[in-house]
Amino acid sequence: MLASAARATGILLGWFADQALGDPRRWHPVAGFGTLALALERRLDRDTRPAGVLYSATLVGGAVALGASAEALGRRRPVVRMLLTAAATWTVLGRSLAREACRRLPTPWTPTTCHAPKAASATW
């Protein structure tokens, strides 16, 4: 399987997983990232530019390192690449949770016009 075919298949699988499974109510990956960000913010809570830079660099750097590690892991393993791509795609899509959040909003919002955050009602 070519790398691009593995990536494309993983994206499709992630989309189907989002449609079929939706989002977990507990242990949601995006909610977990938010919990981690909040804990780090509490530790670094200083009103200074260096603290803000350290906070941002730690969160962005951690996400980049995770993505780079996943990419390296799947480099010569197309099935691993496909599965990691599917997991990442499912994590970031959140269509079913956004649809649910839109239903709770007053009119004129509709599921087609609402772009609610993915982890609005998920918890870690």
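Only this structure's heavy atoms are used, side chains among them; waters, hydrogens and symmetry mates stay out. The first residue in the sequence is number 1, and the count goes up from there. Being a predicted model, the structure only gives us computed values, none of them experimental.
For residues 48-70, the set of pairs meeting the side-chain hydrogen bond (donor to acceptor under 3.5 Å, both in side chains) definition, not counting sequence neighbours, is empty.
Distance CZ/R46 to CG/L54: 8.0 Å, rounded to 0.5 Å. Atoms CG and CG, on D18 and L13 in that order, are 12.5 Å from each other to the nearest 0.5 Å. Between the CZ atom in F33 and the CG atom in L66 there is a gap of 10.0 Å [rounded to 0.5 Å]. Note that CD of E71 and CZ of R7 are 4.5 Å apart. Values are rounded to the nearest 0.5 Å. The CH2 atom of W15 lies 9.5 Å from the CG atom of L93; values are rounded to the nearest 0.5 Å.
Closest heavy-atom contact between P29 and T91: CB-CG2, 3.7 Å. The minimum heavy-atom distance between P78 and A6, with the atom names listed, is O-CB, 3.4 Å. Pairing each heavy atom of A17 with each of W90, the nearest pair is C-CD1, 3.9 Å.
Between L59 and L40 there is a side-chain heavy-atom pair separated by less than 4.5 Å.
With R43 contributing its side chain and A39 its backbone, the two residues share no donor-acceptor pair below 3.5 Å.
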